[in-house]
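Report on the structure given below.
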Amino acid sequence: MTRFIFVTGGVVSSLGKGLASAAVGAILQARGFRVRLRKLDPYLNVDPGTMSPYQHGEVYVTDDGAETDLDLGHYERFTGVASRRSDNVTSGRIYQTVIAKERRGDYLGATVQVIPHVTDAIKSFITADLAGEDFLICEVGGTVGDIESQPFLEAIRQLGNELGRQRALFIHLTLVPFISASGELKTKPTQHSVKELRSIGIQPDILLCRCDRPLPESERRKIALFCNVRSEAVIEAPDVDSIYRVPTVYHQHGLDDQILAILGITDVGEPDLSRWERILRLITMPEGEVSIAVVGKYTGLLDAYKSLIEALIHGGLANHVRVNVSWFDSQIFEESDSLHRLQDVHGILVPGGFGERGAEGKVAAVTFAREKKIPYFGLCFGMQMAVVETARNVAGLKSASSTEFGACEHAVVGLMTEWSKGNETVTRPVGGSLGGTMRLGAYPTVLKPRSQAAEIYGAQRIMERHRHRYEVNIAYRETLEDAGLMLSGLSPDGQLPEIVERPDHPWFIGVQFHPELKSKPFEPHPLFASFIKAAVDHSRLV
Ligand code: GLN
């Protein structure tokens, strides 16, 4: 029997509802339960794939090729459970489904309405594609009171009724701000937010109160009284130094005990939080540190690089070091006298990106890393730029480029309109719409025996997640290999270069996929672990 925990947020956005949900999943898992996490996003885009990283932050890609909200990344990192397409839905997709049904005539002449048709579609999404998990934790995006999230709140209200007290639980995340003028923590915003929630028929069972200092007993009792919640179920959620501390802190404040008590679950032992404690020890007591330069484009909003930041931390955990990241907008390297700013870093990473702006700066950073033998890691666009760099500066094809920036004589990176997935051929509609037209999701890569990539993975065949339109042009294989850039990973049909590496360099690897999406704190991605190890080795030289 799957139980449902609904997580809503109040007062302000950015309280970390995604992390809170992920942490709820992690502590229930630590108590031996099977969990799955899902997110309902109120905006009208069908998925976040078409949104600018500045609007939305990272687009998290699942194995089955869905472009989803970055909170799904937190879910995977905290629970190790791979997310699926069925774990994220937007209002846009819900309406698209309802309207398509209406056009087919599926509603048999009825007037199609938000209640029941839209709410039914939301409820079927929430309850579909489960495989006997003990808990489904369902986060509702946005803040209570937003017009857009109302159908979602109405749907979870209905579900709460239908499932009954033993199977549904509502957690509301709020803010208890400290007002310095009066020197007090204030409970009024929480009271108002819960009032709003109750006015639409949802009585929260648990309040998770974000605060920057301990919540005094008197304030907890006040919140309990005004919000109609038992005072033990008013849980303090303090600011913490590392996101990986959240599960243990929630446990210390009794969150999991309250969840189990409210749902009437008894006979469960204490949680095993040892893996979280181990990670925290490594984070708080590193044996050294390295500095990594990330040369990107969206450096003004670090949410755009959420998984990357975490994967670098994980690489540090694997090597017992703290990773200090310096962010560089690649455009600054278009003036050659700025490259010295990369002189003292222990590794250079060019992450995924789109469009021409700043691309030349990335190529310049690659040249610097290659020539100075600084560890280089290129992710997706960062691999493509490494290929362009070798083609131009080592193979001597001065006009080499990517057709993403327009037609060119030597298209070492170009648009693929067709590729194979298993036994099928996937075709991209040329000139079609932008939404969902990239090579998306998990694809296999066959590694070249004895290459550095094969050694790092300890495997011959791997699966990694993709999100891109352009591919390295296999026609230039010989040119690139003669120039020292080995194609060490290819798609099984040998047509799509997936990994490049430089045997003449201490650590120079570019990958067409996004390994950062699969890295976890208790299972650092091998490429990130190896890159940070190379950075540690380099730090001993400088
Ligand atoms: N812009 C490149 C492409 O579409 C790279 C995309 C990426 O880095 N995710 O192929």
Side-chain angles (χ1 to χ4, degrees), residues 47-54 56-63 65-68 70 73 294-299 301 303-309 311 329-330 348-363 365-366 376-389 391 400-408 411-419 426 428-443 445 464-474 476 489 491 495-500 509-519 527:
D47 62 41
T50 53
M51 273 189 247
S52 147
Y54 286 119
H56 186 271
E58 167 184 272
V59 173
Y60 190 78
V61 181
T62 58
D63 281 332
E67 298 180 273
T68 72
L70 58 79
V294 175
V295 180
K297 179 169 178 184
Y298 315 108
T299 47
L301 178 75
D303 263 5
Y305 299 115
K306 199 94 221 169
S307 295
L308 169 62
I309 295 171
D329 182 332
S330 60
I348 296 175
L349 188 149
V350 175
F354 293 83
E356 191 166 13
R357 180 172 70 76
E360 289 306 320
K362 293 177 187 175
V363 172
V366 178
Y376 175 77
F377 196 7
L379 306 178
C380 204
F381 199 66
M383 172 214 198
Q384 297 173 356
M385 293 306 104
V387 166
V388 168
E389 197 277 334
S401 192
S402 163
T403 56
E404 184 168 356
F405 319 138
C408 60
V412 288
V413 179
L415 194 63
M416 286 284 293
T417 49
E418 223 179 66
W419 60 87
V426 185
R428 183 201 325 275
V430 179
S433 36
L434 283 182
T437 54
M438 288 189 249
R439 180 151 80 103
L440 287 168
Y443 281 84
T445 294
E464 292 282 5
R465 298 182 193 169
H466 291 249
R467 181 175 187 254
H468 56 104
R469 293 199 169 82
Y470 298 84
E471 306 280 352
V472 172
N473 188 344
I474 191 76
Y476 286 89
S491 58
Q495 291 309 299
L496 305 176
E498 296 275 15
I499 308 182
V500 296
I509 293 182
V511 295
Q512 185 55 77
F513 42 81
H514 289 278
E516 70 276 20
L517 301 178
K518 292 206 341 191
S519 187
L527 285 171

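Starting from 1, each residue takes its place in the sequence as its number. Both counts, for ligands and for their atoms, begin at 1 and track the order of listing.
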**Prompt:** So, His514 side chain and Glu516 main chain: donor-acceptor pair closer than 3.5 Å or not?
**Reply:**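 Side chain of His514 to backbone of Glu516, a donor-acceptor pair under 3.5 Å: no, none is there.
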**Any donor-acceptor pair under 3.5 Å from Lys362 side chain to Val350 backbone** =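 No.
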**Request:** Measure the distance from atom 7 (C) of ligand 1 to every protein heavy atom, then report the residue, atom name and distance (to 0.1 Å) of the closest one.
**Result:**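 Of every protein heavy atom, Cys380 SG, 3.0 Å lies nearest to atom 7 (C) of ligand 1.
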**Message:** Checking contacts here: is it the side chain or the backbone of Gln384 that comes within 4.0 Å of ligand 1, counting heavy atoms only? Could be both or neither.
**Reply:** side chain
**Prompt:** Are a donor atom and an acceptor atom from the side chains of Gln384 and Ser402 found within less than 3.5 Å of each other?
**Reply:**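 There is no such pair between these side chains.
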**Asked** For atom 6 (C) of ligand 1, which candidate among Gly352, Pro351, Gly353 provides the closest heavy atom?
**Response**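 Closest candidate by heavy-atom distance is Gly353.
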**Prompt:** Should one rank Glu404, Arg467, Arg469 by closest heavy-atom distance to atom 2 (C) of ligand 1, which comes out on top?
**Reply:** Glu404
**Prompt:** Can you name the residues that form a side-chain contact (heavy atoms from CB on, under 4.5 Å) with Thr68, not counting sequence neighbours?
**Reply:** Tyr60, Thr62, Ala66, Leu72, Asn88
**Asked** Which atoms of ligand 1 are found less than 4.0 Å from any heavy atom of His514?
**Response**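 Ligand 1 atoms under the 4.0 Å threshold to His514: 9 (N).
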**Item:** Atoms of ligand 1, numbered as shown, that sit under 4.0 Å from any heavy atom of Tyr470
**Value:**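 Close to Tyr470: 3 (C), 4 (O), 10 (O).
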**Prompt:** Backbone or side chain, does any N or O of Phe381 fall under 3.5 Å from an N or O of ligand 1?
**Reply:**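 So ligand 1 has an N or O lying under 3.5 Å from an N or O of Phe381.
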**Asked** Roughly how far, to the nearest 0.5 Å, is CZ of Arg467 from SG of Cys380?
**Response** 9.0 Å
**Item:** Single hit among Arg439, Gln512, Gln495 for side chain to side chain donor-acceptor pair (under 3.5 Å) with Glu471
**Value:** Arg439
